[in-house]
Peer 1: 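Quick one: the structure is below, and I'll ask about it shortly.
Within every chain, numbering begins at 1; the chains are lettered A, B, ... in the order of the sequence lines, protein sequences first and strands thereafter.
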Protein chains: 2
Amino acid sequence: MPTSKDVAQAAGVAQSTVSYVLSGKRPISEKTRKKVEAAIEELTYQPNAGARALAGRRTRVIGLVIPFIPELEMASLMEFVSVIASTARQFDHDILLVTEDEGAAGLRRVVGQQICDGLILMQVEDEDERLPVARTLNVPVLLIGIPRDPSGLVCIDADFAMAGDQCVRDLAAAGHNVISIIEWQPAVVNRHVNYVHRFMRGADAAAESLGVAVHHFPGGADVAIISESVDKALAATEGVPAFIAPDRTIQDILRRALAAKGLTPGVDVSIIGSASPTLAELQPVPLSTIDLRPKEVSRRAVKIICDLLEAENQGPHESLELVPTVITHRSSTLRPPSGN
Amino acid sequence: MPTSKDVAQAAGVAQSTVSYVLSGKRPISEKTRKKVEAAIEELTYQPNAGARALAGRRTRVIGLVIPFIPELEMASLMEFVSVIASTARQFDHDILLVTEDEGAAGLRRVVGQQICDGLILMQVEDEDERLPVARTLNVPVLLIGIPRDPSGLVCIDADFAMAGDQCVRDLAAAGHNVISIIEWQPAVVNRHVNYVHRFMRGADAAAESLGVAVHHFPGGADVAIISESVDKALAATEGVPAFIAPDRTIQDILRRALAAKGLTPGVDVSIIGSASPTLAELQPVPLSTIDLRPKEVSRRAVKIICDLLEAENQGPHESLELVPTVITHRSSTLRPPSGN
DNA sequence: TCAATTTATCGATGCGTATCGACGATGCGT
DNA sequence: ACGCATCGTCGATACGCATCGATAAATTGA
C-alpha cells in the first residue's frame with residue numbers, strides 16, 4: 001500500500017504538502033496540486049484510516065446500536081439500517097454495527113476505544129438502560145425514539161401523536177362515529193417503547209375534540225385474541241365499523257377475520273394502518289396507510305449527528321425532533337361523504 | 001482519555017510493559033501484571049483502536065457488503081446482518097456496513113483505506129461485478145452465495161439443491177404424484193442469483209429419480225399471476241395437489257387463492273415453503289417449512305473469514321461450503337400414508 | 001563460586017497522517 | 001529601491017500502540 005510519503009516522493013514535494021492538498025487547509029499552487037493529484041492517481045493512493053484517526057482524532061465512523069427484539073418487525077428495522085448507512089456515506093462517514101447483546105458495555109467499548117466518533121441508538125425505550133451511559137459518553141449520541149426523560153439528549157422520532165390524530169380525523173371525516181384500535185403486541189407495549197402511548201394519546205385527543213368514540217382492544221400476534229377483539233369491536237359499533245391496525249401481522253389477521261364475516265374493507269368497514277407503500281398496494285384491497293416515514297427519520301438522524309460531529313463544541317446538547325407522518329388513502333377506507 | 005503511557009506511569013512500569021501485559025506476547029511477572037491491571041482498572045483504560053491498527057496493521061473490523069434489492073425480503077436480510085454482527089463480536093471483531101450503492105468502488109475504498117481487514121459479500125450473483133474486484137483485493141473475502149465461477153474465491157451458502165430435493169421427496173412420500181412449484185419473482189430470477197436454479201435442479205433431480213412430476217409456474221408478488229398459476233396447477237393435477245411456495249408473499253397469495261376454492265392445506269392440498277419458525281406457526285394452518293438456516297450460514301461465514309484473518313498466510317484461498325437445509329413438518333402437508 | 005542461561009523489563013523506533021512553526025519567494029505600496 | 005505582508009512549501013513533531021534489541025536480575029549447572 002502506498003503512503004502519503006510515497007506520493008510526496010513521486011510528486012517531488014514534502015509529505016505535508018500532500019496532506020494539505022488533500023485537506024485544503026492551506027493554499028497550494030495550481031502547479032503543485034496537479035503534480036500531487038497525478039501522483040495520487042498514479043499510485044492509487046488512499047489515506048490510511050488508522051493513521052488519520054490517530055493524528056486527526058476523528059474516525060469518521062458512527063456506531064449504530066441495533067436492537068434485538070424478536071417481536072419487532074425485522075423488515076422495517078432493515079430499512080432504517082440501510083438508509084442510515086447510505087446517508088452516512090453522503091456525509092463521508094461509515095457505519096459500525098453495535099449489537100444490543102453487548103448491552104451498555106458495547107457503547108463504552110466503541111467510544112472508549114475510539115472506534116466511533118458518535119452513536120445512533122435505535123428503538124429507545126422509556127427507561128432505557130443505555131441512557132445513563134449515553135449521557136456520560138463524551139461524544140454526540142442521537143436517539144431514535146423518545147425516552148421518558150429526554151433531558152440532555154438529542155432525540156428524533158416519527159410523530160406518533162400526529163399519526164394517531166390523523167388516523168382518527170380521517171376516519172371521522174369518512175363518517176365513522178366509533179373507531180376501534182387493535183393494539184400492539186403486549187411484548188412491545190410492555191417494553192415501554194412509548195410510541196405506542198404517543199399514538200394513543202394523539203388518537204384519543206382527536207376523538208375527544210371531534211366527539212367520536214375510540215375503543216381499544218388487545219392485539220398482538222395471536223389469532224384467537226385478535227379475532228375476539230374484532231368480535232367485541234363489531235358488537236360495540238353501530239353503523240360502519242372502523243379499525244386502526246398498527247402492524248402487518250395484525251392487519252393480516254384482522255383482514256381474515258373480517259372476510260370470514262363477509263365484510264369488505266372500503267365498503268362495509270374501514271381499515272387503516274402502517275405499512276410500506278408496496279405492501280399496501282399488494283393487498284386484495286389496497287390498504288390506506290399512515291406512513292411513519294422511516295427513511296426520512298433515518299436521514300435526519302444521520303444529518304443531525306453529523307452536524308453535531310461537525311460542530312464539536314462540546315457541552316451537552318438537547319433537542320427533540322418529530323417527523324410529520326403522512327396519511328395515504330387507498331381503497332380500504334370509506335371516502336368522505338361529499339365534495340372532496 | 002487515558003493512554004497506555006498513563007497506565008504505565010500509574011503502575012510504575014514502561015509503556016511497553018503495559019502493551020505486553022495486554023497482548024501476552026512476552027512473559028510478565030505476576031506482581032507487575034497485577035499492578036498494571038489495577039492501573040488499567042483504575043483509569044478505565046481502553047486501547048485506542050486507531051493507534052492499534054496503525055502499529056499492529058490490523059483493524060479487527062470486517063466489512064459487510066449489504067445488497068439493496070427492493071424485491072428481497074428485508075426481514076431475512078436483517079437476520080443475516082444481526083447474526084453476523086454478534087458472531088463477529090464473539091471473535092473479537094466488529095462489523096462495518098458497506099452499502100451496495102457504492103458499488104465495487106466501496107470495496108476498494110474500505111480495503112484501500114484499511115478500515116477493514118476483510119470482507120463479507122452478501123447476495124452474490126452468478127456474474128457479480130464485485131467479483132473481479134474481490135479477487136484483486138489483498139484481503140480475505142467471503143461470499144455468501146455461489147457465483148458461476150467460484151475459482152479463487154471462498155463461498156458459503158445454504159444447500160438449495162438439497163432443499164429442492166428434500167421438498168420433493170417429502171411431498172412424494174406423502175403420496176403426491178404431481179408437484180407444482182410457484183417460482184420466485186422474475187426480478188429475483190433474472191438477477192441470476194443462482195440459488196433459484198440450484199433449488200430447481202435439486203427438485204427436478206429428485207422428481208426424476210422418484211418418478212413424480214414437477215411442474216413450474218410463474219410466481220412473484222403479483223396476485224393475478226399467482227392466481228392464474230394456481231388455476232393451471234390445479235387443472236394439471238389429478239389427486240391431491242401439492243405446492244412449493246418459496247417466499248412469504250407467494251405463500252400468502254397462494255393460501256388465499258386456495259381458500260377461495262375451498263381447499264384446506266394439510267387436508268385437500270399440501271403446501272411447503274421457506275419461512276421462519278415463528279411465522280410458520282402463526283398461520284391458520286401452521287406451515288411445513290424448509291429451513292434454509294440463515295443463522296447457521298451467517299455464523300459459519302464469520303467463522304470462516306475470522307480463520308482466514310488468523311491464518312494470514314497470503315495466497316488466494318478457495319473453498320465452497322454448503323449448509324444442509326432442514327425440513328420441518330407442521331400441518332400444511334399431508335402425512336405419509338403409513339407407519340411413520 | 002563463576003560463567004551460562006533464562007526471565008522480566010526497559011528504551012527506542014516505526015506505523016502513516018495532521019499540523020505547527022519557519023523560511024524563501026513573490027507581490028505590494030511608496 | 002526597500003521594508004512588509006502574503007503565499008507556498010518544507011521540516012519536525014505528536015498521535016498511541018506494538019515490537020525489537022538490549023539490559024538487568026534471577027536461576028541454573030558444574
Peer 1: Between the opening five pairs and the closing five pairs of the helix from C/dT1-D/dA30 to C/dT30-D/dA1, how far apart are the helix axes, to 10°?
Peer 2: 30°
Peer 1: Base, sugar-phosphate alone, or nothing: which one does B/Leu54 contact when heavy atoms must sit under 4.0 Å apart?
Peer 2: base
Peer 1: Check this one for me: any side-chain N or O of A/Arg52 less than 4.0 Å away from OP1 or OP2 of C/dA18?
Peer 2: yes
Peer 1: Rounded to the nearest angstrom, tell me the gap between atom CG in B/Asn48 and atom P in C/dA18.
Peer 2: 15 Å
Peer 1: D/dA18 base to B/Gln15 side chain: any donor-acceptor pair below 3.5 Å?
Peer 2: yes
Peer 1: Please report the distance, rounded to the nearest Å, between CE in B/Met1 and C1' in D/dC15.
Peer 2: 14 Å
Peer 1: Using a 3.5 Å distance criterion without hydrogens, assess whether the side chain of A/Asp117 forms a donor-acceptor pair with backbone atoms of A/Arg60.
Peer 2: yes
Peer 1: For C/dT17 and A/Ser4 - does any side-chain N or O of the residue sit under 4.0 Å from the phosphate oxygens OP1/OP2?
Peer 2: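 Indeed, a polar side-chain atom of A/Ser4 lies that close.
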Peer 1: Look at the side-chain N and O atoms of B/Ser23 and state whether any lies under 4.0 Å from the OP1 or OP2 oxygen of D/dA18.
Peer 2: no
Peer 1: Is B/Lys25 near enough to D/dA18 that one of its side-chain N or O atoms lies under 4.0 angstrom from OP1 or OP2?
Peer 2: no
Peer 1: Within the 4.0 Å heavy-atom criterion, would you say B/Ser16 contacts the bases, only the backbone, or no part of the nucleic acid?
Peer 2: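 Base, at least one base heavy atom under 4.0 Å.
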Peer 1: Counting heavy atoms not belonging to B/Gln9, are there more than 12 under 6.0 Å from its CD?
Peer 2: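 Incorrect, the count does not exceed 12.
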Peer 1: Of B/Ala55 and A/Lys5, whose closest DNA chain C nucleotide lies nearer the 5' terminus?
Peer 2: B/Ala55
Peer 1: Under 3.5 Å, which protein N or O atoms sit close to an N or O of nucleotides 21-25 of chain D? Give each pair with its distance.
Peer 2:
from, atom 1, to, atom 2, distance (Å)
D/dG21, N7, B/Arg26, NH2, 3.3
D/dG21, O6, B/Arg26, NH1, 2.3
D/dG21, O6, B/Arg26, NH2, 3.3

Peer 1: Could you tell me whether A/Lys295 atom NZ has more than 12 heavy atoms of other residues or ligands within 6.0 Å of it?
Peer 2: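 Open.
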Peer 1: Backbone N or O of A/Val13 within a donor-acceptor pair of the A/Thr17 side chain at under 3.5 Å?
Peer 2: no
Peer 1: So, does B/Thr17 get its side chain near the phosphate of C/dT9, meaning an N or O under 4.0 Å from OP1 or OP2?
Peer 2: no
Peer 1: Just how far, in rounded Å, is P of C/dG16 from CD1 of B/Ile115?
Peer 2: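 That distance rounds to 16 Å.
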Peer 1: How many Å lie between CD on B/Glu30 and P on C/dT7, as a whole number?
Peer 2: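 So the two atoms are 16 Å apart, to the nearest Å.
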Peer 1: For A/Glu318 and A/Gly152, indicate whether the former's side chain and the latter's backbone hold a donor-acceptor pair under 3.5 Å.
Peer 2: yes
Peer 1: Answer whether the closest heavy-atom distance between the side chains of A/Ile115 and A/Thr59 falls below 4.5 Å.
Peer 2: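 Answer no - side chains too far apart.
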Peer 1: Are any side-chain N or O atoms of A/Thr87 and backbone N or O atoms of A/Val83, one a donor and one an acceptor, separated by less than 3.5 Å?
Peer 2: yes
Peer 1: Think B/Ser19 has a side-chain N or O under 4.0 angstrom from the OP1 or OP2 of D/dT19?
Peer 2: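 Looking at the OP1 and OP2 atoms of D/dT19, neither is under 4.0 Å from any side-chain N or O of B/Ser19.
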Peer 1: If I take atom CD in residue A/Gln114 and atom C1' in nucleotide D/dC17, what distance separates them, rounded to the nearest angstrom?
Peer 2: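 For the pair A/Gln114 CD and D/dC17 C1', the rounded distance is 12 Å.
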Peer 1: Atom CD1 of B/Ile28 and atom C1' of D/dA18: how far apart are they, to the nearest Å?
Peer 2: 13 Å
Peer 1: I'd like to check B/Val297 versus B/Arg300 (side-chain heavy atoms, cut-off strictly below 4.5 Å). Are they in contact?
Peer 2: no
Peer 1: Taking the side chain as everything from C-beta on, heavy atoms only, tell me whether A/Ser82 gets closer than 4.5 Å to B/Leu77.
Peer 2: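 With C-beta onward as the side chain, the pair stays apart.
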Peer 1: Describe the nucleic acid contact of A/Val18 in one word from base, sugar-phosphate, nothing, applying a heavy-atom distance below 4.0 Å.
Peer 2: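 It contacts nothing in the nucleic acid.
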Peer 1: Considering only side-chain heavy atoms of B/Thr32, which listed nucleotide, C/dT9, C/dC10, D/dC7, is closest?
Peer 2: C/dT9
Peer 1: Can you tell me if the side-chain N/O atoms of A/Arg57 get under 4.0 Å from OP1 or OP2 in D/dG16?
Peer 2: yes
Peer 1: Just by distance, do the side chain of A/Arg33 and the backbone of A/Ile28 share a donor-acceptor pair under 3.5 Å?
Peer 2: yes
